[in-house]
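Quick note on labels: first sequence line is chain A, next is B, and so on, each numbered from 1.
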2 protein chains.
Amino acid sequence: MPEVMEISPPAPAPAPPDAAPQPLPGQSRYGWLAAGLRARITQGEWPPGAALPAEAALAKEHGVALGTLRQALALLVDQGLLERRHGRGTFVRGGLDGASMLRFFRFRHAGDLQAAPRSAIRARAVVPASAAAAEALGLPAGAPVLTLERLRSLDGRPVLLERITLPLPLFAPLAESDPAGWDDLLYPMFQRVCGVTVHRAEDQLGFALLSAADAALLGLPAGHPGAQVQRRAFDLAGRCVELRHTQGDALAFAYTAQVR
Amino acid sequence: MPEVMEISPPAPAPAPPDAAPQPLPGQSRYGWLAAGLRARITQGEWPPGAALPAEAALAKEHGVALGTLRQALALLVDQGLLERRHGRGTFVRGGLDGASMLRFFRFRHAGDLQAAPRSAIRARAVVPASAAAAEALGLPAGAPVLTLERLRSLDGRPVLLERITLPLPLFAPLAESDPAGWDDLLYPMFQRVCGVTVHRAEDQLGFALLSAADAALLGLPAGHPGAQVQRRAFDLAGRCVELRHTQGDALAFAYTAQVR
DNA sequence: CAGTGGTCTAGACCACCGC
DNA sequence: CGGTGGTCTAGACCACTGG
């Protein structure tokens, strides 16, 4: 089962009756189908959480055998785009929940039943993007971006300090609304307010000593070791829609990686 | 496609002509087949690197359609047990190469063309297992284990300090041979000398300051921040066959995690 | 109960590999 | 060229879900 996805998917709508609409360039039919379905999903024909038509219907619509259509769906499933539920249907996966940063840390304190993490926006600004940020977000050099500084707390104790960069035409609604009223989880709010689904992310982990100012915000001594997470988050279409630099107490860092 | 693997696989040999040999308890045929093939692999019928019989032959042997047999193979492929090569065959995957610890660090120095990492065994001993080690390795409390202390170097600079615990009946050959003659990569040597294939590992990443002695071995000042990797390595049958604690310069640590 | 995805079959033909 | 895995078909039947 090759993992590549072909380019130029077929037309979303059913084909004209003659002149075969799927001139398979040199690849598999199911790969082509998957690319077509992916396009219809990223274009919003089936929003996150919605159910696709039944397998039989999709197979008939594309004039293809059931097994072939199922192979296409399987591709999209292990790309994380779809989710199948036996007896219910095939659904477009929702976005990440935004609480995922805490998975890198162990902040439990002796038998605490964990309270929900709280979020406080400390600063918000519209600034020209740095060269690196523009590059990562696919913006022209110096394009305006929205930056946030955010402190996350557990049981009233500050535990994570985050600096977030968002591309600006897309996140304009957040440049105006009152941060005091924002949700504790950003990604569901991105979805609701800006229509942006954060679907996948790459987290680069590292360690560095905390600056005096950053350490103070986290209630730690200056020069305390900090765990650093540099995140690039992507939407359904694979475009980078967020840069996030997260710092926390290195001594609370714990993460399990699977090898092979 | 459920991911579970059924218990009590069918008999390895072809079935007696009557009295159906595969009394599917309540699960899928391909899951049952996969369990049977897995057993034959872990029992050494097809050693790592060897090719399985062709799909058609296996399907006929088990009295099953091609598609069903292919589903079973697909299960074992994404469990990492098998590897398929178009036009060549289906092969039992070899073990890990043992260089995988370095993937957590960036030790490049300005334009160096990287030399192969070197390994030096600093200490070897047979000792009673700690309670935690015995538990993890599935040994009785206080059973004898082989411990190694090992320093890995890049271009002559020490970069990683490792403390390794190995269960003893299994690794007895290593308790006697001369460590000076050992390979730089341990896992291929485990395979060759002890017949142990390291197939999968779980690495728990963390952070702690280095002790004065450990820091000295790494050429770092006492109390320098250290990245810690606590590894449990497993063989083809899923048994834990190695515990390894690795320390390195936290400031050289870099790892990228994929989020969903 | 009707509708969904999951399993399984028995074929055909294609694409890749190595000799 | 012969052997391998990869794709595709057109069906049948099973298992799960929800009203």
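- Comment: B:Arg231 does not engage B:Glu242 in a salt bridge, judged by the lack of any side-chain N to carboxylate O separation of less than 4.0 angstrom.
- The nearest whole Å value for the distance from the CG atom in A:Leu75 to the P atom in D:dG6 is 13 Å.
- Position along DNA chain D of the nearest nucleotide to B:Leu66 versus B:Gly87 favours B:Gly87 as the more 5'-ward residue.
- Rounded to whole angstrom, the span from the CZ atom of B:Arg84 across to the C1' atom of C:dC17 amounts to 15 Å.
- Toward the 5′ end of DNA chain C lies the nearest nucleotide of A:Gly89, the other residue of the pair A:Gly89 and B:Gly67 mapping further downstream.
- In terms of phosphate contacts, B:Arg88 brings a side-chain nitrogen or oxygen within less than 4.0 Å of OP1 or OP2 of C:dG18.
- Here B:Thr90 reaches the OP1 or OP2 of D:dG5: one of its side-chain N or O atoms lies under 4.0 Å away.
- Taking the side chain of B:Glu55 as heavy atoms from C-beta on, and the options C:dG18, D:dG5, D:dT17, the nearest nucleotide is D:dG5.
- In this structure the side chain of A:Leu148 never reaches within 4.5 angstrom of the side chain of A:Glu162, judged on heavy atoms.
- The phosphate of C:dG6 has neither OP1 nor OP2 within less than 4.0 Å of any side-chain N or O from A:Arg85.
- Under 3.5 Å, the side chains of A:Ser119 and A:Trp182 contain no donor-acceptor pair of N or O atoms.
- Following rounding to the nearest Å, B:Gln27 (CD) and D:dC14 (P) show an atom-to-atom distance of 18 Å.
- Atom CG in B:Leu33 sits about 14 Å away from atom C1' in C:dT9, given to the nearest Å.
- Distances shown here put a side-chain N or O of A:Arg70 below 4.0 Å from the OP1 or OP2 atom of C:dG6.
- Among D:dT9, D:dT7, C:dC17, the nucleotide with an atom closest to any side-chain atom of A:Gln71 is D:dT7.
- Between the C1' atom of C:dG5 and the CD atom of A:Glu83 lies a distance of 14 Å, rounded to the nearest Å.
- In this structure a side-chain-to-backbone donor-acceptor pair under 3.5 Å is missing from A:Asp184 to A:Arg118.
- Applying the 4.0 Å criterion to OP1 and OP2 of C:dT9, one finds that B:Thr68 has a side-chain N or O inside that range.
- The phosphate of D:dT9 (OP1 or OP2) has a side-chain N or O of A:Arg29 nearer than 4.0 angstrom.
- Surrounding CZ of A:Arg106 are at most 12 heavy atoms belonging to other residues, nucleotides or ligands under 6.0 Å away.
- For A:Leu69 and C:dT4, the CG to C1' distance is 13 Å, given to the nearest whole Å.
- Distance alone, capped at 3.5 Å, is enough to place a donor-acceptor pair between the B:His199 side chain and the B:Gly80 backbone.
- The strand DNA chain C forms stems, runs of 3 or more Watson-Crick or G-U wobble pairs with distances below 3.5 Å, at C:1-18 with D:1-18.
- Nearest heavy-atom pair across A:Pro188 and A:Leu96 is CD-O, 4.3 Å.
- For the pair B:Tyr30 and C:dT7, the criterion of a side-chain N or O lying under 4.0 Å from OP1 or OP2 is met.
- Checking side-chain atoms of A:Asp183 against main-chain N and O of A:Leu186 turns up no donor-acceptor pair under 3.5 Å.
- Among the nucleotides C:dT4, D:dT7, C:dC16, the one closest to any side-chain atom of B:His86 is C:dC16.
- For the pair B:Phe91 CZ and D:dG3 C1', the interatomic distance rounds to 12 Å; values are reported in whole Å.
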